[in-house]
Amino acid sequence: MKAAGRSGGTRDGSRTSKDTTSEDTTSEDTTHRAGRRVSAPRAMRRAAEQLQELLGRAPESVSAVQPTDNGWQADVEVLELERVPGTTSVMASYRVTLDEEGELLAYERIRRYTRGQIDPRQ
C-alpha cells in the first residue's frame with residue numbers, strides 16, 4: 001500500500017476531494033464566475049492573447065478597452081512590418097470584440113500607420 005503523500009492522496013494512492021493541484025485552483029482561463037463579466041485587465045490580456053493566436057504576431061499594446069452590452073471591445077496595436085529605423089516600422093490597430101467571458105467573437109484592422117507617426121489633433 002502507498003502512504004499518503006503531500007498531494008493529499010489516500011493510502012491506496014487514490015485522490016480525495018481535498019486534493020488540489022495547480023490545475024484545480026483558479027487559473028487564467030477559469031477566473032470567470034458564471035453570470036459575471038471578466039474584469040477589464042483580464043479582457044485586455046485575453047484580447048491580446050487571442051489576436052496573437054490568429055495573426056501569428058505578438059501585440060505591442062492594448063490602447064483601449066471598454067465594456068459593451070455583450071462583453072468587451074478592445075483596440076490592440078500590432079507590429080506588422082519591422083523596418084530600420086524603428087520609427088518607420090508599420091503598425092496596425094485591430095478592434096477586437098470579446099464576449100462576457102473574454103472569448104474572441106470578432107476582430108478587424110481599423111488603421112495602419114508608421115510607428116513614428118503622431119495622430120493629428122482633433
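For Glu82, the side-chain contact (heavy atoms from CB on, under 4.5 Å) partners are Leu79, Ser89, not counting sequence neighbours. In terms of the salt bridge (Lys or Arg N to Asp or Glu O under 4.0 Å) criterion, Asp69 has no residue partners (sequence neighbours excluded). In this view, Ile110 and Asp75, Ser93, Arg95, Glu108 satisfy the side-chain contact (heavy atoms from CB on, under 4.5 Å) rule, not counting sequence neighbours. Scored by the side-chain contact (heavy atoms from CB on, under 4.5 Å) test, Ala48 finds Pro59, Val62 as partners (sequence neighbours excluded). Residues meeting the side-chain contact (heavy atoms from CB on, under 4.5 Å) test with Thr97, sequence neighbours left out: Leu105, Ala106.
With values rounded to the nearest 0.5 angstrom, Glu100 atom CD is found 7.0 Å from Asn70 atom CG. Atom CG of Leu51 is separated from atom CZ of Arg109 by 11.5 Å, given to the nearest 0.5 angstrom. Note: Arg46 CZ to Ser39 OG = 12.0 Å, rounded to the nearest 0.5 Å. Between Ser63 atom OG and Tyr94 atom OH the span is 13.0 Å, to the nearest 0.5 Å. Between Glu77 atom CD and Arg111 atom CZ the span is 7.0 Å, to the nearest 0.5 Å.
With hydrogens and angles disregarded, a donor-acceptor distance shorter than 3.5 Å links the side chain of Trp72 to the backbone of Val38. Under a 3.5 Å cut-off, the side chain of Glu103 and the backbone N or O of Asp99 do not form any donor-acceptor pair.
Two different hydrophobic clusters hold Met91 and Val76 under the rule that ILVMFWY side chains link at heavy-atom gaps under 4.5 Å.
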Would you check, one step at a time, whether the test side-chain contact (heavy atoms from CB on, under 4.5 Å) holds for Leu54 with Leu104?
CA-CA 10 Å; Leu54 291 170; Leu104 188 132; 3.8 Å; yes
Run the side-chain contact (heavy atoms from CB on, under 4.5 Å) check on Asp119 and Tyr113 step by step: do they pass?
CA-CA 10 Å; Asp119 288 335; Tyr113 59 98; over 6 Å; no
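Gln52 and Ala58 get closest at one heavy-atom pair: CD-CA, 3.8 Å. Of all the heavy atoms in Val65 and Ala43, the pair that sits closest is CG2-CB, 4.4 Å. Of all heavy-atom pairs between Ala47 and Val96, the closest is CB-CG1, 4.1 Å.
When hydrophobic side chains of Ile, Leu, Val, Met, Phe, Trp and Tyr are connected at separations under 4.5 Å, Leu81 ends up clustered with Val90.
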